[in-house]
Amino acid sequence: MQKTFEERDLDLIWHPCSQMKDYETLPPMVIDHGEGVWLYDIYGKKYLDIVSSWWANLLGHCNKEINAGIKDQLDKLEHVIFANFSHKPAIELAEQLNEITPPKIRKFHFNDNGSAAVECALKMAFQFYQQGGKPEKKRFMCLTEGYHGETIGALSVGSLDLYAKLYQPMMMDNIHIEAPDCYRCPYGKTRDCCQCECFEKAEKAFAAHGHETAAMIAEPLLQGSAGMRIYPPLYLKKLRALCDKYDVKLILDEIATGFGRTGTMFACEQAGISPDIMCISKGITGGYLPMSVTCVSEEIYDAFYADYSEGRAFMHSHTYAGNPLGCAAALAVQKIFREQQVLETAGENAKWLTAEMQKAFGHHKNVGEIRHIGLIHAIELVQNPESKEPFAEAKRMGYAIYKKALQYGLVLRPLGDVLYFNPPLNITRAELTLAIEMAQQAMVDILGK
Ligand SMILES: *Cc1c(COP(=O)(O)O)cnc(C)c1O
């Protein structure tokens, strides 16, 4: 008997972020092609990709304009060494990024994935102080529940036990500041009417460790992997001021939030602040190709600029840095943003979606909170909304609903018991309505009415 694609896959492939034994009951869905929000498997079954294939797909699968941009570049140049060499797509992309990134940002260091952009940012901040006369500044601060990628440095500034705990002995000794937790606010406040009382945790940490800290890293407004935890812009504003007070560089990880995901091009705009270093990836190429950029202020760049013999250069590289195909995809994405009012339409649809989500899920007995920013809408499921008591982890409620939703044709891959929509920005209301119906059905099947 001939083996199926699923069998051939499981024979050889170790999938990311998976307990492979789970694939015994949920074999991989082998996708043949995609179009817009839809993925089609080899049997012709279609799935609505409401999670944007790991938050990367920004403007639909096989978007005609992005496809054309890549195809055009493909016949000119596929890759070139990026040390000493350059190419038009990278130059134009840097110019366009310079237009849309916050005011302080002026220089663009290309890498090839999100974790690499974070590693790069940490090394830059460290080196900045090592050669800037403050060698005591060698530590990093970060928020609990944060996520910045899976490589050792990036894991060290993340604090999700699920990904990081086991590797503790391999990691840097960073300072983890208790993050805002607006759903279960320890100060009894709500997101709309607080003064970020929880910021006292950051103030205490800076008072104790600011002098030995090179940089503070955070995901602005949205801690994605933590379960789409959303906190107010005021927190970021305060963080910027605190970093200035203690001469600590502020690194914002906009890898998930960038390119319109939170309603503005970058989340930090909503707080009216500029980071010293900003990491971007995921949506930059529309989710087509691995690419990231570590964007930095002139101040940081200048501190590395000297005669070669002084040894101040940033000796960091990735083979595929500045890949022309990735740059061509990113340029096509930017063109779509400029010509098609993507943010405006997504903004209006987001408002509409908030009301629809409330109608569909707001009254369910296990919905603790529906939170949203931009088109991202997350539903935190709990055992008891009164006490906010979560379900026992072993029940894997979110996973059960995910499997059910797949049967209906919806990709609703959850974060624990947090179900979320993070669709491409050009999704239509009709498609969102379908997603709501399928999610609702899957939820009722597993949890009851
Ligand atoms: C996805 C993500 C990363 C890691 O990016 P990879 O390309 O997966 O290495 C880092 N930070 C945030 C906020 C992310 O969402």
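Values below: every heavy atom of this structure, side chains too, minus hydrogens, waters and symmetry copies. Every number for a ligand or one of its atoms is a count from 1 in the order of the listing.
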Among Arg229, Arg184, Arg191, salt bridge (Lys or Arg N to Asp or Glu O under 4.0 Å) partner for Glu369: Arg191

Region of Lys282 that comes within reach of ligand 1 [heavy atoms, distance under 4.0 Å]: side chain

Nitrogen or oxygen atoms of Ser115 and ligand 1 under 3.5 Å apart: yes

Distance filter under 4.0 Å to Ala256 heavy atoms, resulting ligand 1 atoms: 15 (O)

Cationic N near anionic O, under 4.0 Å, Asp32 to Lys46: no

Residue portion contacting ligand 1 (non-hydrogen atoms closer than 4.0 Å) for Trp55: side chain

Qualifying residue for side-chain hydrogen bond (donor to acceptor under 3.5 Å, both in side chains) with Glu299, from Lys104, Lys249, Arg106: Lys249

Protein residue, atom and distance nearest to atom 6 (P) of ligand 1, heavy-atom basis: Gly114 N, 3.5 Å

Distance flag, aromatic centroids of His318 and Tyr320, threshold under 6.0 Å: no

Centroid separation Tyr47 to Tyr40 less than 6.0 Å: no

Ligand-residue contact atoms, ligand 1 with Glu219, heavy atoms, under 4.0 Å: 13 (C)

Ile255 neighbourhood, listing ligand 1 atoms whose heavy-atom distance to it stays under 4.0 Å: 2 (C), 3 (C), 10 (C), 11 (N), 12 (C), 14 (C)

N-O pairing of Asp49 and Arg413 below 4.0 Å: no

Min N/O separation Gly149 to ligand 1 under 3.5 Å: no

Note: Lys137-Glu212 ion pair, threshold 4.0 Å (strictly below): no

Nearest-neighbour protein heavy atom for atom 11 (N) of ligand 1, which is reported as residue plus atom name and distance: Asp253 OD2, 2.6 Å

